[in-house]
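Here the structure comes first, spelled out in structure tokens, and everything after it is commentary.
The chain is numbered in sequence order, starting from 1. Here the structure is a predicted model, which is why all the values come from computation and not from measurement.
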Amino acid sequence: MTPEQLTPAKFLEGMILAEGWIVEKPRGKHPDGSGGNFSYSYEVKNQATGQRAFLKALDFSMALKQLDPIKAIARLTGLFDFEQNVLELCRNKRLSRIISLIETGNIPPAKGGVIPVPYFIMELAHGDIYNQLDFSKEIDSLMSLKIIHNLSAALYQLHNNGISHQDVKPSNILILETGPHKLGDLGRADIRGQATPYSILHYAGDPSYAPPEAQYKAVQNDWVFKRIACDAYQFGSMIVFLFTQLNMTALLKMHLSPEHNWNNWTQTYREVLPYLYVSLDRSVEYFRNQIEDKDLAEELSEIIFQLCDPDPIKRGHPKTLNSRFKTISLERYITKFDKLIKKQEIKMSKKII
């Protein structure tokens, strides 16, 4: 068989799809929510409207080389379908801060081939926050606050519909040509009350951004304090990252003695918590010292203490945790960051004058 027949997802450039989409330049082969290096990405353009978008095409070629190719294909298809279904759910719920699904389709096997190419098309992002921030210069506090505000709104929309993202990190906070930042890559999400590909795992995202309870494999059974608490921690961790270039997990590890590190600890999570709180104090102090604006540093430090509390049942805004429903909600943080942005804009305008 020819390469085009064996790996058709790799050779879509120039093809015209349903609804007039032309497949243009490839974006390469990347690890993604469909189970590893099993998809190819392209930019596409609609002939009728001129709209540009992003296409993700599933590649079965590696699955066919597995010892049990039927099982491998079934797993890949399940993961791909799940990510597509989550995106459809977000579109149907009109979640405006989540990257939008535009269309889905399936390309039949090439002539003489046997491998189809399932795909879906999403709105085109122009990179992630790595492409927007220049860490070689002074931190842009206003831009960072706007990113944080957009992220809080995106996570609130997901949580309000029973969806946990589970993999919040800089590469998944996307820049669009116009409008606010959006949250992408829902391939590792979990949905409350449903059996999902990752629901049996204690944690499904990038290990380097995992909350401490996941590192010690001591997550809660309650869905909110297992999944939403994870997102809350990663939200706080992104605040840390935007001002230090380090996430909270890296800082916690840096300030833990080797015997208390999650790779070495053999006792219970409850017993290691006091050491984690010491590490959190030192990590937040490090964060605070990186910010020239001391008022902003203090306000953000308080938020980080709340969001990155090592005990997931204490994570989040105190007024929400202590309410009658005892839950985690990011709603209050949306309002908080809106106010912080306005304060920062006033400070900047005074500097200009």
Legend entry - Within 6.0 Å of NZ in Lys25, more than 12 heavy atoms from elsewhere: no
Contacts under 3.5 angstrom, residues 94-102 side chains, donor-acceptor by atom type, not counting sequence neighbours:
| residue | atom | partner | partner atom | Å |
| --- | --- | --- | --- | --- |
| Ser96 | OG | Gln157 | NE2 | 3.1 |
| Arg97 | NH1 | Asn150 | OD1 | 3.2 |
| Ser100 | OG | Glu123 | OE2 | 3.0 |

Inset, instruction - Assess whether atom CD of Gln267 is packed by more than 12 heavy atoms of other residues, nucleotides or ligands within 6.0 Å. - result: yes
Legend entry - Remaining members of the apolar cluster that contains Ile16, side-chain heavy atoms under 4.5 Å: Ile22
Inset, instruction - May I ask you to test the Ile107-Pro116 pair for a side-chain heavy-atom distance under 4.5 Å? - result: no
Could you give the side-chain donor-acceptor pairs of residues 217-226 under 3.5 Å, partners two or more places apart or in another chain?
| residue | atom | partner | partner atom | Å |
| --- | --- | --- | --- | --- |
| Asp222 | OD1 | Val224 | N | 2.9 |
| Asp222 | OD1 | Phe225 | N | 3.3 |
| Trp223 | NE1 | Asp190 | OD2 | 3.0 |

Legend entry - Ser283 and Leu252, any side-chain heavy atoms less than 4.5 Å apart: yes
Inset, instruction - Group every Ile, Leu, Val, Met, Phe, Trp and Tyr by side-chain heavy-atom contacts under 4.5 Å, then state whether Met248 and Ile139 land in the same group. - result: yes
Inset, instruction - Kindly give the heavy-atom pair with the smallest separation between Phe243 and Ser141, and that separation in Å. - result: CE2-OG, 3.8 Å
Inset, instruction - Show your reasoning for whether side-chain hydrogen bond (donor to acceptor under 3.5 Å, both in side chains) applies to Thr268 and Glu271. - result: CA-CA 5 Å; Thr268 67; Glu271 289 171 299; 2.9 Å; yes
Legend entry - Centroid-centroid distance, Phe120 to Phe80, less than 6.0 Å: yes
Inset, instruction - Measure from the side-chain N and O atoms of Gln306 to the backbone N and O of Ile303, and report whether any donor-acceptor pair falls under 3.5 Å. - result: no
Legend entry - Pairwise side-chain contact, Cys90 with Ile163, heavy-atom cut-off 4.5 Å (strictly under): yes
Legend entry - No-hydrogen, no-angle side-chain donor-acceptor test under 3.5 Å, Gln132 and His181: yes
Inset, instruction - Give a yes or no on whether Arg282 atom CZ has more than 12 heavy-atom contacts from other residues, nucleotides or ligands under 6.0 Å away. - result: no
Inset, instruction - May I ask you to test the Met238-Ile148 pair for a side-chain heavy-atom distance under 4.5 Å? - result: no
Inset, instruction - Report the hydrophobic cluster partners of Ile346, with the cluster defined as I, L, V, M, F, W, Y residues connected by side-chain heavy atoms closer than 4.5 angstrom, directly or transitively. - result: none
Inset, instruction - Examine the side chains of Glu259 and Trp265 and answer whether a donor and an acceptor come within less than 3.5 Å of each other. - result: no
Inset, instruction - Could you check if a side-chain atom of Pro310 sits within less than 4.5 angstrom of a side-chain atom of Leu280, using non-hydrogen atoms only? - result: yes
Legend entry - Min side-chain heavy-atom separation Leu58-Tyr119 under 4.5 Å: no
Inset, instruction - Grab the two heavy atoms, one from Pro312 and one from Ile328, that are nearest each other, plus how far apart they are. - result: O-CD1, 4.1 Å
Legend entry - Asp231 (side chain) donor-acceptor with Gln166 (main chain) under 3.5 angstrom: yes
Legend entry - Steps toward side-chain contact (heavy atoms from CB on, under 4.5 Å) verdict (Val278, Leu256): CA-CA 8 Å; Val278 172; Leu256 275 174; over 6 Å; no
Legend entry - Heavy-atom closest pair, residues Asn247 and Val240: C-CG1, 4.3 Å
Inset, instruction - Can you tell me which residue pairs pass the salt bridge (Lys or Arg N to Asp or Glu O under 4.0 Å) test with a partner in residues 157-175, sequence neighbours excluded? - result: Asp167-Lys169, Lys169-Asp206
Inset, instruction - State whether the side chain of Gln215 and the backbone N or O of Pro211 hold a donor-acceptor pair below 3.5 Å, judged by distance alone. - result: no
Inset, instruction - Could you tell me whether a side-chain N or O of Asp338 sits under 3.5 Å from a main-chain N or O of Ile334, the two making a donor and an acceptor? - result: no
Inset, instruction - Measure from the ring center of Tyr130 to the ring center of Phe241 and say whether it is less than 6.0 Å. - result: yes
Legend entry - Within the 6.0 Å centroid threshold, strictly below: Tyr275 and His260: yes
Inset, instruction - Would you kindly confirm whether Leu330 and Ile191 end up in one hydrophobic cluster when ILVMFWY residues are joined by side chain heavy atoms under 4.5 Å apart? - result: yes
Inset, instruction - Hey, could you give me each pair passing salt bridge (Lys or Arg N to Asp or Glu O under 4.0 Å) that has a residue in residues 308-322? Not counting sequence neighbours. - result: Glu213-Arg315
Legend entry - Residue that, paired with Asp128, satisfies side chain to side chain contact (heavy atoms under 4.5 Å, CB included) out of Leu133, Leu174, Asn172: Leu174
Inset, instruction - For the pair Arg188 (side chain) and Ala204 (backbone), establish whether a donor and an acceptor sit closer than 3.5 Å, ignoring hydrogens and angles. - result: yes
Legend entry - Modelled atom types, side-chain donor and acceptor of Thr249 and Tyr233, under 3.5 Å: yes
Inset, instruction - Identify the heavy atoms of Tyr42 and Glu24 that sit nearest to each other, and give their distance. - result: CD2-O, 3.8 Å
Inset, instruction - Kindly indicate whether the side chain of Val44, heavy atoms from C-beta on, has any atom under 4.5 Å from the side chain of Gln51. - result: no
Inset, instruction - With Glu299 as reference, evaluate Lys294, Lys343, Lys339 under the side chain to side chain contact (heavy atoms under 4.5 Å, CB included) test and give the passing residue. - result: Lys343
Legend entry - pair Tyr333-Phe235: side-chain heavy atoms closer than 4.5 Å: yes
Inset, instruction - Work out which heavy atom in His149 is nearest to a heavy atom in Ile341; give both atom names and the distance. - result: CB-CD1, 3.7 Å
Legend entry - Steps toward side-chain contact (heavy atoms from CB on, under 4.5 Å) verdict (Ser39, Asp59): CA-CA 5 Å; Ser39 72; Asp59 172 34; 5.7 Å; no
